[in-house]
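Numbers restart at 1 for each chain; the letters A, B, ... are given by sequence-line order, proteins then strands. Atoms considered below: every heavy atom in the structure, side chains included; atoms not considered: hydrogens, waters and symmetry mates.
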2 protein chains.
Amino acid sequence: MVECDPSTTPSATPPGGRSRARSATPAVRPEVDAGPPPVVTEAPDAGGTHPRPRRSDATRAAILAAARDRFAADGYERATIRAIARDAGIDPSMVMRYYGNKEGLFAAASEIDLRAPDLTAVPYEERGARLVRHFIELWESDETLTGMMRVGVTNEAGAERMRRIFAEQVRPFVDAVCPVPEEAPTRAALIGSQILGMALCRYVLRVAPAVELSHDELVAWLAPTVQRYLTAERP
Amino acid sequence: MVECDPSTTPSATPPGGRSRARSATPAVRPEVDAGPPPVVTEAPDAGGTHPRPRRSDATRAAILAAARDRFAADGYERATIRAIARDAGIDPSMVMRYYGNKEGLFAAASEIDLRAPDLTAVPYEERGARLVRHFIELWESDETLTGMMRVGVTNEAGAERMRRIFAEQVRPFVDAVCPVPEEAPTRAALIGSQILGMALCRYVLRVAPAVELSHDELVAWLAPTVQRYLTAERP
DNA sequence: TACGCTTGCCAACAAGCGTTGACCAACATG
DNA sequence: CATGTTGGTCAACGCTTGTTGGCAAGCGTA
């Protein structure tokens with residue numbers, strides 16, 4: 001039953017290989033604490049950006065990594081705390097202690113950076129294609145975004161998270177290249193609908209014809225759409 | 001793993017009428033045992049195609065209606081058999097007897113008819129707009145499609161159901177108007193990606209700018225995209 | 001050495017799940 | 001009438017879930 005070897009403390013990426021192939025996620029973000037556990041006494045900031053390295057930082061990171069994988073693979077309900085703890089090689093109660101409850105864990109595990117490119121540096125007619133290619137590569141770099149969608153559809157907190165990502169990371173870069181500011185939200189939503197829709201068909205539902213398209217074909221088909229949403233006159 | 005119950009014959013083969021519950025959820029039985037005597041005065045041989053009306057048909061329909069609502073609202077995992085039974089005003093065990101298990105219930109509850117219009121009767125340049133408008137209205141007519149998406153994203157059986165709907169109800173009508181047959185699946189998938197993507201943003205995630213668009217604006221923005229996927233030369 | 005945090009495991013809790021089988025009330029038919 | 005079938009309730013089962021509290025070992029410091 002117990003496969004956890006107590007002699008070796010879980011280090012940087014302890015859960016072994018598992019199914020994990022990602023390495024693109026920001027290595028470690030130990031500051032996500034935010035202090036949900038009520039017993040934790042707020043440590044004085046000590047002047048630095050980091051409060052202080054804790055001995056449990058590796059465990060926290062392992063939990064977070066396992067949580068990301070599980071939420072991505074199974075969605076919110078089926079990703080159980082027990083399974084996440086098992087993947088991380090620790091006891092379920094530790095998850096509670098460090099993240100308060102399941103929602104807190106999800107909140108900590110679902111921070112996403114779209115790394116949207118700066119479109120102002122891209123020639124006018126190539127912006128659509130650039131955007132499409134960026135998101136294809138981002139989507140295929142790991143399962144984070146697939147997981148975000150799985151959770152966003154079934155869980156209200158997940159949906160809220162997606163709305164926030166949209167508002168904070170998609171709208172701004174559309175804003176930057178949109179001549180009429182009040183049109184930017186609409187244009188961003190349209191772009192999002194096409195990107196998310198293709199991602200849904202290709203990576204989540206795995207509709208055959210969508211899966212079989214090559215990157216270049218995908219760009220060739222979708223780029224004009226995105227370009228139009230980005231630049232065409234409002235109909 | 002009892003799949004076929006020998007004692008009774010639940011076999012979800014003839015789940016009530018084939019007629020789709022189009023008019024919202026028919027208030028079959030909102031109250032607990034409204035007290036109509038379960039007298040079935042139906043002629044035993046009335047319908048030639050139907051095997052025979054059973055006394056329990058009303059209950060079966062109530063279960064199905066409640067199941068559709070719950071699956072739509074909560075997704076597969078959170079839509080519990082107990083809650084569905086409560087909504088239908090009967091005991092959870094009846095659900096098991098009539099539909100075998102939860103997956104069987106879902107299979108029976110998730111039959112969907114997109115009623116895609118015959119595009120050959122629509123002028124060439126209006127086909128995209130016609131398609132977009134049809135799906136907007138379909139999506140807003142009830143919560144069936146929203147539920148389908150919720151389940152399709154988290155549950156593999158739900159995803160398979162969506163792939164089948166795509167193959168059986170979307171591809172054919174694209175086939176009918178696509179001059180090059182082998183391009184039809186791709187074009188259908190592209191159209192599906194845009195329609196589903198907007199539905200995701202507007203009805204499931206409720207991204208504000210997508211929600212605020214009027215029907216006409218929606219058609220004006222999306223129709224050219226769909227039209228291009230439908231008719232433009234393959235890039 | 002002893003003390004107080006920290007880190008972690010263990011065992012248990014209450015609740016909820018899908019599912020089952022026993023049992024009862026009608027009805028249909030001999 | 002008796003009998004078999006159908007429609008339905010009730011109480012429970014085995015299991016998993018999120019969550020909690022107690023306890024033991026490790027560590028930093030006095």
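A salt bridge between B:R202 and B:E212 is absent, with no side-chain N of the basic residue lying under 4.0 Å from a carboxylate O of the acidic one.
Nearest to the side chain of A:S93, among C:dT19, D:dG21, D:dT19, sits D:dG21. Here C:dG8 is the nucleotide among C:dG18, D:dG8, C:dG8 with the atom lying nearest to any side-chain atom of A:Y98. Distance from the side chain of B:R82 is smallest to C:dG18 among D:dT19, C:dG18, C:dG8. Out of D:dT9, D:dG26, D:dG18, the shortest distance to the side chain of A:R55 is found at D:dG26. Candidate nucleotides D:dG8, D:dT19, C:dG8 were compared by shortest atom distance to the side chain of B:M94, and D:dG8 ranks first.
B:I63 has its CD1 atom 14 Å from the P atom of C:dG18, to the nearest Å. Atoms NZ (A:K102) and C1' (D:dT17) sit 8 Å apart, rounded to a whole Å. For the pair B:E103 CD and C:dT19 P, the computed distance is 9 Å after rounding to whole Å. When the P atom of C:dC17 is taken as reference, atom OH of B:Y76 falls 14 Å away, rounded to whole Å. Distance, B:M96 CE to C:dG18 P: 9 Å, rounded to whole Å. Between the CZ atom of A:R86 and the P atom of C:dG8 there is a distance of 19 Å, rounded to whole Å. Spacing between atom CZ of B:R78 and atom P of C:dC17 amounts to 12 Å, rounded to whole angstrom units. Atom CZ in B:R97 sits roughly 10 Å away from atom P in D:dT6 (whole-Å rounding).
Side-chain polar atoms of B:H215 and B:E137 form no donor-acceptor pair below 3.5 angstrom. One side chain, A:T225 or B:Y229, offers a donor N or O that lies under 3.5 Å from an acceptor on the other. Checking A:Q194 against B:S193 by side-chain atom types alone, a donor-acceptor pair falls below 3.5 Å.
Distances shorter than 4.0 Å separate some side-chain N or O of A:T59 from OP1 or OP2 on C:dG8.
A cation-pi contact links B:R60 to B:Y98, judged by a cut-off of 6.0 Å to the six-membered ring centre and 45° from its axis.
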